Asker: 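Questions regarding the structure given below will be posed in turn.
Remember, it's a predicted structure, so these values are computed and weren't measured experimentally.
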Amino acid sequence: MSNVTKEVEQECFVLEGCGALEEIVRPKEKELGGFSVRRCLPSRERQMVGPWIFFDHMGPAEFPSGEGIDVRPHPHIGIATVTYLFDGEILHRDSLGSLQPIRPGDINLMVAGSGIVHSERERPEVRDIDHCLHGLQLWLALPEADEEMAPEFHHYPSADIPALNVDGAPIRVIMGTAYGVTSPVKTFAETLYVEAHLRAGQKITLPEAQERAVYVAGGNLKARDAEIPEFSLAIFANQPGVVLEATEESRIAIIGGEPFAKRCIVWNFVSSRAERIDEAVRQWKEGGFPRVPGDETEFIPFPDK
């Protein structure tokens with residue numbers, strides 16, 4: 001997704017934690033083109049968790065026939081976008097020539113590197129009927145050595161993502177290594193991304209990572225006596241043996257990885273160097289980015305505010 005303003009950091013409600021639970025971020029809900037988005041990262045209090053610099057929860061949204069997602073071409077640098085859907089479908093196009101529908105359980109990994117342009121639309125057969133959309137979109141900051149790498153696009157169908165049961169709970173290891181299995185999805189640094197679906201009363205132990213957090217996409221959790229409510233991001237210290245318990249049926253995402261130095265971020269551009277951001281802004285305004293084959297006529301202008 002594209003940002004609607006050049007300032008990306010969101011104002012969130014932050015509750016201080018205790019013990020292994022350091023803080024809980026509760027994002028404000030924003031309307032974006034007919035559906036709600038909750039942005040947990042970056043916030044004014046916390047820019048990143050490991051390499052993850054952007055975390056959006058889209059929907060759930062119900063669209064009548066003729067309406068839906070329609071994100072015009074827009075650019076990125078210095079990151080990799082990771083799109084994961086619970087329900088619905090998005091049609092991805094980019095300036096490399098990629099044309100790929102993403103469906104529930106799949107992973108779309110778009111590596112912007114030195115610069116890429118993409119759009120997020122819907123196929124006519126999806127748009128022409130009543131349909132829903134629900135999912136997560138995250139950005140990974142690239143290590144400084146990889147920020148200017150050539151752009152890439154990778155699609156991983158749902159069947160390629162490792163799935164297992166941990167103490168009776170279904171787990172998918174989307175990126176990195178957890179619970180004894182490793183995902184095939186490409187990483188650039190120590191990275192963790194796990195999805196779990198818990199019944200009421202089920203418990204799981206958090207995988208260890210230098211930095212880590214848990215997002216409650218639906219339901220409610222507790223860690224010891226601390227409640228982690230729906231639509232909140234709980235940030236944990238790297239302590240072993242942290243147990244989460246679902247107090248009702250819950251769908252959660254666990255993210256984390258190695259710490260990164262603070263990044264500059266303006267609109268859809270991320271870099272370790274402020275002057276690189278300025279260069280990307282000028283390039284987009286002057287039409288210097290490549291176009292998206294099959295989606296050449298429209299684009300999102302750089303926002304003035």
Side-chain angles (χ1 to χ4, degrees), residues 20-21 40 49-52 55 57-58 60 80-90 100-109 134-140 154-224 228 230-258:
L21 177 57
C40 299
V49 175
W52 299 102
F55 190 113
H57 181 192
M58 308 175 290
T81 66
V82 180
T83 305
Y84 183 87
L85 297 181
F86 302 131
D87 292 296
E89 180 184 300
I90 294 175
Q100 178 64 58
I102 179 170
R103 301 182 176 95
D106 297 347
I107 290 293
N108 265 15
L109 175 70
H134 188 201
L136 304 176
Q137 190 170 82
L138 298 82
W139 297 356
L140 283 166
H154 305 275
H155 177 78
Y156 301 86
S158 180
D160 290 352
I161 305 302
L164 66 157
N165 277 359
V166 177
D167 296 329
I171 304 285
R172 303 188 83 217
V173 180
I174 295 170
M175 298 181 77
T177 299
Y179 305 109
V181 300
T182 299
S183 168
V185 177
K186 185 173 183 176
T187 59
F188 301 89
E190 180 191 321
T191 304
L192 177 67
Y193 184 6
V194 172
E195 184 208 11
H197 199 162
L198 309 178
R199 299 189 307 272
Q202 279 190 315
K203 299 179 181 180
I204 60 168
T205 300
L206 273 183
E208 295 184 33
Q210 294 181 66
E211 294 184 353
R212 58 191 174 167
V214 176
Y215 181 72
V216 184
N220 199 79
L221 301 179
K222 68 177 181 180
R224 294 185 179 174
I228 307 171
E230 188 173 51
F231 307 144
S232 63
L233 182 75
I235 299 171
F236 289 87
N238 185 19
Q239 296 181 14
V242 174
V243 177
L244 301 176
E245 180 180 354
T247 57
E248 58 185 87
E249 184 179 358
S250 300
R251 170 174 268 163
I252 68 172
I254 304 168
I255 62 170
E258 65 182 85

Asker: So, taking the atom named CD1 in Ile255 and the one named CZ in Phe55, what distance separates them when rounded to the nearest 0.5 Å?
Answerer: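 CZ of Phe55 is found 5.5 Å from CD1 of Ile255.
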Asker: Please list, chain by chain and in numerical order, all residues satisfying salt bridge (Lys or Arg N to Asp or Glu O under 4.0 Å) with Arg103, sequence neighbours excluded.
Answerer: Glu89
Asker: Taking all non-hydrogen atoms of both residues into account, name the closest pair between Tyr179 and Thr205 and its distance.
Answerer: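 It is OH-O, 2.7 Å.
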Asker: Indicate yes or no for a side-chain donor-acceptor contact from Thr247 to the backbone of Asn220 under 3.5 Å, with no hydrogens or angles considered.
Answerer: yes
Asker: Can you give me the closest heavy-atom contact between Tyr193 and Ala253, atom names plus distance?
Answerer: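 Distance-wise, the nearest heavy atoms are CE1-CB, 4.1 Å.
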Asker: Which pair of non-hydrogen atoms, one from Ala200 and one from Glu248, has the smallest distance, and what is that distance?
Answerer: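 Ala200 and Glu248 have their closest heavy atoms at CB-CA, 3.7 Å.
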Asker: Atom CD of Gln137 and atom CD1 of Ile90: how far apart are they, to the nearest 0.5 Å?
Answerer: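 If we round to the nearest 0.5 Å, Gln137:CD and Ile90:CD1 are 7.0 Å apart.
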Asker: Output, in order, the C-alpha distance, side-chain angles, deciding distance and verdict of side chain to side chain contact (heavy atoms under 4.5 Å, CB included) for Phe231 and Tyr215.
Answerer: CA-CA 7 Å; Phe231 307 144; Tyr215 181 72; 3.7 Å; yes
Asker: Of Arg172, Gln202, Glu249, which is the lone residue that meets side-chain hydrogen bond (donor to acceptor under 3.5 Å, both in side chains) with His197?
Answerer: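 Per the side-chain hydrogen bond (donor to acceptor under 3.5 Å, both in side chains) rule, the option paired with His197 is Glu249, out of Arg172, Gln202, Glu249.
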Asker: Could you tell me which non-hydrogen atom of Ile228 sits nearest to which non-hydrogen atom of Leu244, and how far apart they are?
Answerer: CD1-CD2, 4.2 Å
Asker: For Ala246, enumerate each residue passing the side chain to side chain contact (heavy atoms under 4.5 Å, CB included) test, keeping only those at least two apart in sequence or located in another chain.
Answerer: Leu198, Leu221, Ser250
Asker: For the pair Thr81 and Asn108, evaluate side chain to side chain contact (heavy atoms under 4.5 Å, CB included) and give the outcome as yes or no after the intermediate values.
Answerer: CA-CA 8 Å; Thr81 66; Asn108 265 15; over 6 Å; no
Asker: Does Gln210 reach the main-chain N or O of Gly257 with its side chain, forming a donor-acceptor pair under 3.5 Å?
Answerer: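 Side chain of Gln210 to backbone of Gly257: no pair is present.
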Asker: Using only atom types and a distance under 3.5 Å, with no angle test, would you say the side chain of Arg212 pairs donor to acceptor with the backbone of Ala237?
Answerer: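 Between the backbone of Ala237 and the side chain of Arg212 there is a qualifying donor-acceptor contact (under 3.5 Å).
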Asker: Do Ile254 and Pro207 come within less than 4.5 Å of each other through their side chains, counting heavy atoms only?
Answerer: yes
Asker: Hey, what do you get for CD1 (Ile174) to CG (Leu138), rounding to the nearest 0.5 Å?
Answerer: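 Answer for the CD1-CG pair, Ile174 versus Leu138, is 9.0 Å.
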Asker: State whether the side chain of Asp106 and the backbone N or O of Ser158 hold a donor-acceptor pair below 3.5 Å, judged by distance alone.
Answerer: yes
Asker: Any chance you could measure Leu206, atom CG, to Ile252, atom CD1, to the nearest 0.5 Å?
Answerer: 7.5 Å
Asker: Is any side-chain heavy atom of Cys40 closer than 4.5 Å to one of Ser232?
Answerer: no
Asker: Fit a plane to each ring of His134 and Phe86, take the angle between them on a 0 to 90° scale, and name the class: parallel (under 30°), tilted (30 to 60°) or perpendicular (over 60°).
Answerer: perpendicular
Asker: Hey, what do you get for CG (Leu233) to NE2 (His57), rounding to the nearest 0.5 Å?
Answerer: 12.5 Å
Asker: What's the spacing between Lys186 NZ and Thr191 OG1 if we round to 0.5 Å?
Answerer: 12.0 Å
Asker: With a 4.5 Å limit on heavy-atom distance, are the side chains of Ile204 and Asp167 in contact?
Answerer: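 When only atoms from C-beta onward are counted, Asp167 and Ile204 do not touch, as no gap falls below 4.5 Å.
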Asker: Shortest non-hydrogen contact from Gly176 to Thr187?
Answerer: N-CG2, 4.3 Å
Asker: Where do Trp52 and Gly256 come nearest, in terms of heavy atoms and distance?
Answerer: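 So the minimum-distance heavy-atom pair works out to NE1-O, 3.3 Å.
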Asker: Using side chain to side chain contact (heavy atoms under 4.5 Å, CB included) as the criterion, point out the one residue from Leu140, Leu192, Ile107 that pairs with Met175.
Answerer: Leu140
